[in-house]
> 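Here it is: the structure, laid out below.
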Amino acid sequence: MDRKEFLKSLGAGAALAVTISCLGSCLREEVDTVAIQDTNATNTENTGASSTILFSIDLNASEAAKLAVDGGYVVKNNVVVAKNLNGEFVAATVICSHDLIKKVTFKNNEYYCTEHGARFDQTGKGLNNDGKKGLKIYKTSLNGSILDILS
Ligand code: FES
């Protein structure tokens, strides 16, 4: 008896139970993978929370020239990396939550979408109606001249 015949003999209800059982197992594997990734994560000095380094920027490299100035920003890997007016490095997604367009910038010490004008503070909180869905924020960690962007 092959697998198809076996499932037919069990009937539709039993086949559904087998399918659900397999799906549950697959989901558990996915959760386990995430847990393993967290185990390998790096600790940040700022929060003490575990995070994974998404990418790094060498502040001495030409790509980071705009980060030498307070209020300057660069966009790398779909992340807006900015140096705020206090000289701290902050980061957020470039994808605006209003219409999912990659037009978020850093302006006047807050995140600003040039498409319709959504505004977000540095914690990702929306500051106007177009920004009411908030903005995904990333952690940063500075080690010498290397700025890490963390999940
Ligand atoms: S897409 Fe950003 S404000 Fe509309």
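First listed ligand is number 1; within each ligand, the first listed atom is number 1.
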> Do other residues, nucleotides or ligands put more than 12 heavy atoms under 6.0 Å from the NZ atom of Lys66?
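No.
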> Minimum heavy-atom separation for Leu67 and Gly72, please, with both atom names.
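For Leu67 and Gly72, the tightest heavy-atom pair comes out as CD2-O, 3.8 Å.
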> If you apply the rule side-chain hydrogen bond (donor to acceptor under 3.5 Å, both in side chains), what do you find for Asn84 with Asp70, and how did you get there?
CA-CA 5 Å; Asn84 69 19; Asp70 290 353; over 6 Å; no
> Which pairs count as salt bridge (Lys or Arg N to Asp or Glu O under 4.0 Å) when at least one residue sits in residues 93-107, sequence neighbours excluded?
Lys103-Glu115
> Keeping waters out of it, list the protein N, O or S atoms under 2.8 Å from atom 4 (Fe) of ligand 1.
His98 ND1, His116 ND1
> Which heavy atom of Lys76 sits nearest a heavy atom of Ile57, and at what distance?
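So the minimum-distance heavy-atom pair works out to CD-CG1, 4.0 Å.
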> What distance do Glu110 atom CD and Asn128 atom CG have between them, rounded to the nearest 0.5 Å?
8.5 Å
